[in-house]
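Written below as structure tokens is the structure these notes are about.
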Amino acid sequence: MDVDLLIGIFPQVLLDGITLGFMYALIALGYTMVYGVLEFINFAHSEIFIFGAFVGVEVLLGLKSIGLLDGLPWPLVLILALVVGMGASGLLAVTVERIAYRPLRGAPRLIPLISAIGISFFLQDLIRLVESLWRNAFNLVYPTMDVLNLRFELSETIDVSVKSLVVIGGALLMLWALHLIVNRTKVGTAIRAVAEDQAAASLMGIDVNRIISLTFLIGGAMGGAAGVLFGVQYGLINPYSGFIPGLKAFTAAVLGGIGNIPGAMLGGLVLGLLEAFAAAYLSLLTGGAFGAEYKDILAFSMLILILIFRPKGLLGEVVRERA
Amino acid sequence: MNRHRGYLVLALVAILAVALLPASNLEAQGSKGTVKIATQSPLSGGQAALGEGIKLGAQLAVEKFKGALEKQGFKVELVPFDDQAKPDVGVANAKNIIADKDILAVIGHLNSGVAIPSSEVYKEVSLAMISPANTNPVVTDRGYPNVNRVCGRDDVQGVVGSEFASATMKAKSVYIIHDKTPYGQGVAEFFKADAEKKGIKVLGFEGTEEKSNFDPIVTPMKAKNPDVIYFGGIYDQAAPFFKQSREKGVKGKFFGPDGMDSSDLTKIAGKAVVGMYYTSAAGPASELPRAKAFVDEFKKKFGKNPEPYAAEAYDAATMALKGIEAAAKGGKLPTREDVATAVRKTKLPNGITGDIEFDSKGDRKKALYFVLQVASDDPGKWGNNKIVKQLAIAAPAAPKK
Amino acid sequence: MPALFEARGVTKRFGGLTALHDVHFAIDQGISSIIGPNGAGKTTLFNIFTGLYGADEGSVTFRDQPLLGLRPDQITALGICRTFQNIRLFANMTAIENVLVGMNSRISLRLWDVLSRSPGFRRTESELAARAVSLLDRVGLQASANIVARNLPYGDRRRLELARALASEPALLLLDEPTAGMTQGEASALMHLLRNLVADLGLAIILIEHNMRVVMEVSDRVTVLDHGEKIAEGPPREVQSDARVIEAYLGKRGAAPRTRGRAAH
Amino acid sequence: MIRSLIAVALVGLSALAVATFPRSVLVFLLFQGSLLYVFKARMPDPLRWGLLATSLLVLMPTIGYFNSYYLEVATQVGIFVALALGLNIVVGLAGLLDLGYVAFFAVGAYSWAILGSPHANVIFGGETFPLAGWWFYVFLFVGLGTAAITGILLGLPVLRLHGDYLAIVTLGFGEVIRVLANNLDKPINFTNGPKGITPISRPPTPFGIPYGEFFYFLALLIVVAVIVVNRRLEDSHIGRAWEAIREDELAARAMGVSLVRMKLMAFACGASFAGVMGVLFSAKQVFINPESFTFLESIGVLAMVILGGMGSIPGAIVGATVVTVLNLQVLKGFSLWLNELKNAGVTVLGYSLADLPTQFEPAKYERMVFGIILVLMMIFRPQGIFPARRRQRELAK
């Protein structure tokens with residue numbers, strides 16, 4: 001076994017894992033926000049996320065077609081794509097809630113879950129239909145912005161790309177903003193109140209429906225931001241490519257303690273690191289007997305272990321059953 | 001209340017059934033009969049783009065060459081089926097196809113996993129199947145008289161690749177990635193086996209279902225610094241992989257099988273893939289005039305570049321039509337068996353993917369393999385890719401049972 | 001002779017909060033009530049007795065067998081069953097099915113008996129059904145046997161819960177506020193029923209109750225909990241005049257405890 | 001009386017219609033609808049069961065003899081009915097949301113696929129495999145047992161979880177099984193990875209029945225067995241315990257229901273049905289690879305249970321039929337029909353259908369239609385098509 005190699009790539013794998021982790025964390029926020037308030041798995045969030053990516057690419061392609069992509073300073077372009085993507089995804093999430101979830105509130109838990117799965121299928125094909133009509137293709141490529149591909153070579157085996165920094169920075173910014181909104185604003189207080197006890201919150205004069213819409217708006221917007229960053233980082237999107245990252249992000253949310261914002265970040269990071277290390281090292285350590293393809297097995301096994309030994313996730317509080 | 005609604009629904013279905021009955025009999029009027037060619041490929045879901053390419057390629061060929069049969073008084077139609085890339089759906093469709101006596105040939109499938117069980121069904125009625133994309137050796141090694149393919153075989157293509165890597169690229173070491181599909185892994189394994197035989201050092205062999213984030217695979221690969229990186233798979237996964245590899249400073253040369261053959265490769269990966277090699281059974285538009293004509297026609301008709309396997313599907317459908325023509329001598333509607341026999345004997349000297357002629361197993365007698373080099377990072381110039389090497393290899397004989 | 005059921009030094013903490021501290025409790029027969037202000041730890045005590053919670057310290061024995069560490073279903077099988085403060089019926093099952101579930105720990109059929117519908121299975125099923133009917137009869141619900149639990153009126157649900165608990169043939173019955181939300185008339189009828197159960201079946205009953213009139217009328221002994229500690233125990237009359245009890249209920253200004261606890265919630 | 005006549009007429013006419021218009025999807029739907037009518041409408045029981053038996057045992061195979069496609073659809077419906085009934089125990093009765101159910105199907109399928117094909121020689125060496133075809137019948141039970149054990153193995157660690165947590169763990173479990181099937185071609189080649197296993201032996205059939213009919217009858221037989229088992233479990237203390245767990249886990253525990261035993265039993269029973277059908281599936285398909293066992297399949301089976309009505313046996317049957325038929329027939333039929341209209345040059349309101357862009361082909365949007373149906377069902381009829389009904393007991397006085 002080549003020990004030098006194992007040690008040599010360690011920092012790079014660590015960095016890869018962190019980048020991936022923040023990506024998961026951003027997507028996970030959408031699941032966590034909604035779960036925290038409604039105790040409901042918004043299965044369609046993976047499509048809301050990928051919808052953001054599509055809106056982002058349309059913004060960039062639009063700018064490109066009028067020749068502004070290289071004309072404007074890149075942070076401005078990026079922020080524009082992010083803002084539009086966030087807005088679109090947020091609105092989509094609110095609409096989905098209105099149409100497919102709100103009529104089902106109070107029904108047994110499985111019912112809205114199935115509805116969410118239905119919405120998820122519907123959105124996949126809807127995005128495909130619209131893009132096929134509009135661009136005659138539904139595998140869309142993010143236009144490259146040269147600045148983003150710059151790399152800082154720290155050593156022979158380690159380098160950092162601007163893209164990864166943008167992802168990490170963007171994710172941190174979103175997490176921080178979300179933390180402020182939830183913990184420091186009146187709206188945040190209202191959201192927490194609704195999460196705690198809907199009936200009591202409505203007695204206190206809080207418009208529960210409005211707050212739930214708001215929760216979906218914020219969660220959806222986070223998903224949209226994640227979508228745009230996902231596109232920027234990995235370059236290629238199609239309507240079905242939100243599904244797997246969505247699943248992983250959901251795993252991350254559960255891992256960290258679903259309903260818990262710092263938990264989503266922690267869960268994302270843990271999962272990202274686990275995946276990165278498994279993919280990079282498994283094959284090296286086992287002499288090729290097991291390879292990168294086992295990373296999902298590891299991820300899910302860890303999820304199972306966590307849930308068995310710490311059912312509320314890493315940061316979730318252990319809730320007592322009320323007899 | 002509810003019961004009444006149930007009856008209402010039932011009544012509605014009944015009315016609809018009666019109202020729509022004629023639809024299924026539409027085709028029966030005014031000709032000697034209808035000849036249908038079915039396609040089976042995934043039209044919905046994640047692999048829809050490739051599946052649609054197959055359908056459109058076949059559609060183009062049918063529209064272009066149906067004239068001869070129509071002159072004989074037949075009506076010619078293409079019937080597309082969606083197999084959803086799922087074996088059980090493929091089999092159900094296959095049963096539906098064999099139930100429609102007008103269907104005389106099937107062009108399909110995309111996935112060997114669907115093709116193998118479905119072709120068991122076609123075999124029951126000796127319905128000719130011509131596969132544009134199933135490179136898994138098993139497909140023809142079963143020796144069914146009705147199953148053919150115009151595409152190459154994994155074992156051959158892998159060998160072509162390793163031959164080129166060793167002789168022309170002078171590779172000392174390779175790193176092999178595949179996509180964990182029967183196709184990608186198949187090609188990659190044959191490439192690996194033959195490369196090892198030729199003395200090339202295989203530094204890594206990894207499979208991944210990942211579609212977006214290749215960081216963790218690239219990092220160890222970069223550290224091992226291989227001469228050549230071979231990706232057994234399809235462009236939509238390979239392109240982001242190549243792109244991310246270059247961005248991370250991987251220096252080795254890229255190489256892949258015919259799954260790379262799409263302008264989307266450069267559209268996605270841009271400069272990263274300029275100069276990379278890929279093996280293909282289809283000739284490049286730049287050097288084969290008929291291939292260029294196909295690309296132009298396809299673009300004109302459908303507004304986009306043909307996906308991989310669209311050209312193969314085009315050739316497969318052409319073969320099917322020629323087979324039917326040959327079997328229909330005398331102007332009578334041929335039986336399926338006649339068609340299957342005729343297809344096996346048909347020769348197509350100027351297909352887009354070269355001279356086509358089947359051997360006794362249904363493989364191409366002499367499949368022409370090209371090694372091509374990506375010329376430009378402009379997807380519009382995909383057709384300018386140059387042939388670097390050309391090999392004609394016969395399919396291996398079936399393994400002894 | 002040791003008591004039928006005995007708890008010694010039971011202590012339970014939730015995080016930093018001590019919900020129960022060194023509680024001793026015993027019952028041999030008859031009806032024993034546990035009273036105390038909200039949050040005194042009464043329900044927590046029941047949860048420990050029935051195996052839903054573990055205890056941090058102390059021991060609980062039933063017929064000399066230690067209960068701590070056993071699962072709830074094992075405890076039920078030994079002969080202890082309970083009802084819940086906020087009625088927990090199987091809402092989408094019929095009344096008789098609810099009662100039948102209560103008999104689960106008394107059924108020794110194997111999977112094969114069920115699948116083959118063996119004679120043993122049929123016999124058992126019809127016996128169970130007959131017994132369920134007689135239990136429903138006893139609580140006055142026979143007419144409602146085929147009604148889905150969630151459609152029963154409130155008082156009936158309370159009584160159904162009692163029937164369900166009786167179905168497991170307990171020797172000790174734990175009732176958590178069985179008269180909550182009932183009118184005085186209904187409550188009296190229920191107490192009458194409980195006294196009959198004690199007399200007919202030799203049941204021991206532990207009662208958590210807020211309705212002081214009921215407590216005073218029906219209990220053989222009364223235990224008073226406050227802030228997780230036992231502050232008084234004895235026959236109803238004695239406890240009623242205990243200074244600490246009065247203080248716990250009404251603060252330092254003092255007066256007899258109210259005869260009515262809180263109303264329906 | 002009138003209803004009985006209608007029923008007989010419906011079954012007869014629709015069967016005749018299927019024979020007359022062998023390619024019309026809609027008449028076949030009408031046939032299926034008539035079966036539903038027979039099942040639901042008020043009529044004497046002997047007539048009802050007689051009609052159903054005639055339809056399933058005589059009419060269906062006859063239709064299938066002329067058009068094997070219908071038989072294939074019916075067989076697949078049978079397979080999915082058994083899967084839905086199995087999942088119905090876990091989700092519908094015991095209330096344990098299982099999103100990885102197809103894993104058990106995979107376990108059953110691979111158990112026969114590996115030993116019933118030459119592939120086993122790769123693992124064990126020698127030339128002993130494939131096992132002779134009659135072993136298939138033994139493997140129906142082996143698959144059942146293996147799947148049941150897998151169910152218990154999954155059940156053990158997740159006993160303490162409920163609700164959404166259980167859902168996500170089972171989802172993970174399903175993925176793990178699929179990824180394992182996809183990757184266990186090294187270090188030891190158990191599953192042959194993505195390339196799948198072929199050829200899988202088929203059993204000798206009694207009286208030389210053709211395979212199409214054989215698998216149809218076998219599927220039917222298994223479905224009947226599954227229904228009987230399901231009914232018996234439901235009407236017993238076990239079924240009541242499951243429902244009690246679903247209704248209120250804590251109360252169920254306090255009433256003496258052993259969660260460990262009952263949950264494991266639910267997982268094992270549910271899994272075993274899938275295991276049997278997996279064995280049948282692998283023999284029917286001759287070839288299997290991991291693509292048949294994706295998460296989407298699990299969701300599909302779950303949708304069947306919920307569409308039909310959770311906890312309801314007729315519901316699971318109808319749900320499985322509706323989803324399978326929708327997936328295999330209705331949308332595809334519609335696409336083909338549209339295609340025929342296009343080919344025939346039909347114009348609608350002066351617009352030639354042939355000019356319709358290929359983007360609008362309905363076949364491409366099956367998921368969309370499926371999604372819309374799920375959402376609409378949940379909003380307007382969440383209890384499912386055939387909601388579970390409480391059994392009314394005769395009370396001996």
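First the proteins, then the strands, lettered A, B, ... as listed; each starts at 1.
Interatomic distance, CG of L302(D) versus CD1 of I114(A), reported as 4.0 Å (0.5 Å rounding).
Counting heavy-atom pairs under 4.5 Å between each of A254(D), A251(D), G172(D) and chain A puts G172(D) at the top. Chain A forms the most heavy-atom pairs under 4.5 Å with one residue out of N183(D), V169(D), I373(D), L374(D), and that residue is N183(D).
By the 30° and 60° cut-offs, the orientation of the rings of F216(A) relative to F40(A) is tilted. Between F290(A) and Y294(A), the ring planes are perpendicular. Angles over 60° get that label, and only those under 30° would be called parallel.
Proximity of the aromatic rings of F293(D) and F105(D) is defined here by a centroid distance below 6.0 angstrom, and this criterion is met. For F295(D) and F243(A), the ring centers are positioned less than 6.0 Å apart.
If you measure heavy-atom distances from I306(D) to chain A, the contacts under 4.5 Å come from the side chain alone. Contacts of L180(D) with chain A are made by both backbone and side-chain atoms, with heavy-atom separations under 4.5 Å. With a threshold of 4.5 angstrom between heavy atoms, Y101(A) does not approach chain D through any atom at all. Neither the backbone nor the side chain of M377(D) comes within contact range of chain A; no heavy atom of the residue lies under 4.5 Å from a heavy atom of that chain. For L305(A), no part lies under 4.5 angstrom from a heavy atom of chain D. Residue contact with chain D, scored on non-hydrogen atoms closer than 4.5 Å, involves the side chain of Y240(A) exclusively. For E293(A), the parts lying near chain D are the backbone and the side chain together; criterion is any non-hydrogen pair under 4.5 Å. For L123(A), no part sits under 4.5 Å from any heavy atom of chain D, backbone or side chain. For L104(A), the part sitting under 4.5 Å from any heavy atom of chain D is the side chain, from C-beta outward, and nothing else. Contact annotation for L307(D): neither backbone nor side-chain heavy atoms come within less than 4.5 Å of a heavy atom of chain A. For F309(A), no part lies under 4.5 angstrom from a heavy atom of chain D. Of the two parts of L154(D), neither the backbone nor the side chain holds a non-hydrogen atom closer than 4.5 Å to a non-hydrogen atom of chain A. In this structure, chain D has heavy atoms under 4.5 Å from both the backbone and the side chain of A100(A).
Annotation: side chain of V34(A) is not in contact with side chain of H45(A) (no heavy-atom distance under 4.5 Å).
Neither side chain, E297(D) nor Y101(D), offers a donor N or O lying under 3.5 Å from an acceptor on the other. Looking only at atom types and distance, the side chain of W134(A) has a donor-acceptor partner in the side chain of E58(A) under 3.5 Å away. Neither side chain, R253(D) nor S258(D), offers a donor N or O lying under 3.5 Å from an acceptor on the other. Using a 3.5 Å distance cut-off with no hydrogens or angles, the side chains of N139(A) and N238(A) do pair a donor with an acceptor.
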